[in-house]
Amino acid sequence: MGASLLEVRDLAIEIADWEPVKDVSFEVAGGECVAIVGETGSGKTLTCRAITGMLRRRGGSVVRGSARFDGIDLLTLTERQWLEVRGRRISLVPQSSMAGLDPIMRVGRQLEETIRFIAPADDPRKRARELLDHVHMARADEVLRLYPHELSGGMRQRIMIAFALVGRPELIVADEPTTALDVTLQRNILRLLKELQAETALSVILVTHDLGVVEEVADSVTIMYAGRVVEAGPAAKVLGAPAHPYTCALLAARPLTVGPGEELLAIPGLPPGPADRASGCPFAPRCARAQARCDEAVPQLETVDDLPGHLAACWLARSGDDAA
Amino acid sequence: MSALERPLARLRPWPASRWVGIALLGSVALASIVIPVVSHYSTDAIDVPLQAPSGAHPFGTDNVGRDVFVRTFAAGRIDLLLAIVVVASSALVGTLIGTVAGASRRRAVDALIMRVVDAIIAFPFIVLVLGLVVVIGPTVRWGFIPAGLPSTGLALVFISWAFYARIARAEALSLRERDYVVAARTLGYTQARIVTRHLMPSTIRICTAFAVGHVIVVVAIVASLAFLGSGVQPPTPEWGSLMHDGSSLLQIAWWITVLPGVVLVITGLGLSLIADSILRERSN
């Protein structure tokens, strides 16, 4: 693992007088797979938008913080400068593979058009084939002649990954790439991402809310809640010995942990919305172990158990209690 | 069905009404192509005036003794050809303008184009067409194109594109937020490329259902204009002017007006059946 390729520091995003992302920091090393985990509305997607320069499109703006990618300050790039980075050095794999493909253009023609535009090859057709082989697409020649609606969801998602690879990027941001797929396909797609990452020293940011997925493919994990990072660290540490009650609750809520016939464990309540501006820890109202001080001030991210790299933002984890 | 098999939707049989429509329209079109070529009479050869329909003159003769049968189908050539040209050019121009408006990043461009569209659509259609024909000049002729055709065609295209623009813009507005269009834009594709390669093929498809219905309107308007004397000018045969010629003689020579009218109705019915079956298929 090399030095840090992407370094996000204290990123805060504002939309219409509300900060859905507050002081988010994380790092992605060269060739590393970082998972960002959190429930809907926790700011995962907005964070991805910010580091791919597509925040303005959603009416948001970065109000604090920095995001440096290989020495480039991503937050100050103009739209023109972004063209040099997006698709060429940082690629995005979207959530829905159906909307990502032009429904009335054959897959091959679309892929060739993108190749000509982003990374011209001597023989775009051959390069398109190579890319499909790269993502293990069966019957690649046939697939190139088909329209997107003639493909299954899994095939389309593989094609989306092929599109992301066109410009030979150093970083792929995969925003819930498997949400629209069924469980067996999810594994296949994620293994593919993992494999590509290992083969080409690619860095991957994997946004997901499936902790099982994280365990399998991620090197490190960042857990987000209500726009803040609540826990971060190497995947094995965070999932094996979670320090934040929210992470514990997420792990406990996994279907795997429950036997047949037993009730699934859910976290009571809902995450805070724009109207909630409590001064304390945002998770305190739903936390089983909340104490008086949890409502008073927001805990900062601090090293857990003197393990470098494993951070948690919880008063309880800090006091040295055995949080798990 | 495996994912690689092509869906069978395209092979679903067409409804009977569409086949009837195609048969009606097809027979008028075929007759218009063939009859003026094979007939013994030309469109302005003179015989005994006001003969009733007979074996020699299936539709009779008019007040100067011209064969109404051959004139009706010679008129069919003009009417159908004009309708096709008008519909194709206004669909193309309108879809392009509407797609550009819908895809434009500058809202002012969109607003400006759409206010022009609103203004055109707000006028009563036939009045505006008549006015434009007068402005262009009802007797203007281009080379071998008969007098009245350029003015009628231009006036119709000038107004009709607005309807296509409205349909295309609505479609473009929803398409521009689709991921593949956003992706094209964020990768730096030019606006012209996005509009022509990725948006137009979709928007023009949406417009085709309207286009079939539009053909009927154009045929009716072309005939109406000629009936009123502002359309295709005599001696060029045209359905509306044929009917107008016979209208004062309706009591003594009904065939001059009624028989071209019947051909016009058959054309309209055929087009309606086709348009209706397409719309029904789209709505399912």
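Residue numbers start from 1 in every chain, and the chains themselves are labelled A, B, ... in the order their sequence lines are given, proteins ahead of strands. Note that this is a predicted model, so its numbers are computed, not measured.
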Would you indicate whether E195(A), at its atom CD, is surrounded by more than 12 heavy atoms from other residues, nucleotides or ligands within a distance under 6.0 Å?
-> yes
Under 4.5 Å from any heavy atom of chain B - which part of L101(A) = backbone
CZ/R185(B) to CD/E79(A) distance, rounded to the nearest 0.5 angstrom?
-> 10.5 Å
Sort out for me which of R80(A), E113(A), R86(A) touches chain B most, counting heavy-atom pairs under 4.5 Å.
-> E113(A)
Heavy-atom contact with chain B under 4.5 Å, split by part of R88(A) | side chain
Is chain B contacted by the side chain of Q110(A), its backbone, both, or neither, given a heavy-atom distance below 4.5 Å?
-> neither
Report all side-chain donor-acceptor pairs from residues 212-225 of chain B shorter than 3.5 Å, counting only partners two or more places apart or in another chain.
{"residue": "H214(B)", "atom": "ND1", "partner": "Y164(B)", "partner atom": "OH", "Å": "2.7"}
{"residue": "H214(B)", "atom": "NE2", "partner": "S160(B)", "partner atom": "OG", "Å": "3.0"}
{"residue": "S224(B)", "atom": "OG", "partner": "A220(B)", "partner atom": "O", "Å": "2.6"}

Looking only at heavy atoms, which of residues 87-103 of chain B get nearer than 4.5 Å to chain A?
-> none
Just wondering, are more than 12 heavy atoms of other shown residues or ligands nearer than 6.0 Å to CZ in F125(B)?
-> yes
Among L83(A), I104(A), I118(A), which residue forms the greatest number of heavy-atom pairs with chain B at distances under 4.5 Å?
-> I104(A)
Residues G100(A) and Y180(B): closest non-hydrogen pair is O-CB, 3.2 Å
Rounding to 0.5 Å, atoms CD1 (I194(B)) and CG (D102(A)) come to a distance of 11.0 Å
Between M105(A) and R197(B) the two heavy atoms that sit nearest each other are CE-O, 3.8 Å
Side chain from CB out, backbone as N, CA, C, O: work out which of these in R156(A) comes under 4.5 Å of a heavy atom of chain B, or both, or neither.
-> neither
Out of curiosity, W82(A) CH2 to L187(B) CG, how far, rounded to the nearest 0.5 Å?
-> 12.0 Å
Could you pull out all residues at least two apart from R106(B) that satisfy side chain to side chain contact (heavy atoms under 4.5 Å, CB included)?
-> S104(B), V109(B)
Neighbour count above 12 (heavy atom, 6.0 Å) for R193(B) CZ = yes
Contact listing (chain A partner; residues 200-211 of chain B; heavy atom under 4.5 Å) | P201(B), S202(B), R205(B)
T114(A) versus chain B, heavy atoms under 4.5 Å apart: side chain, backbone, both or neither?
-> both
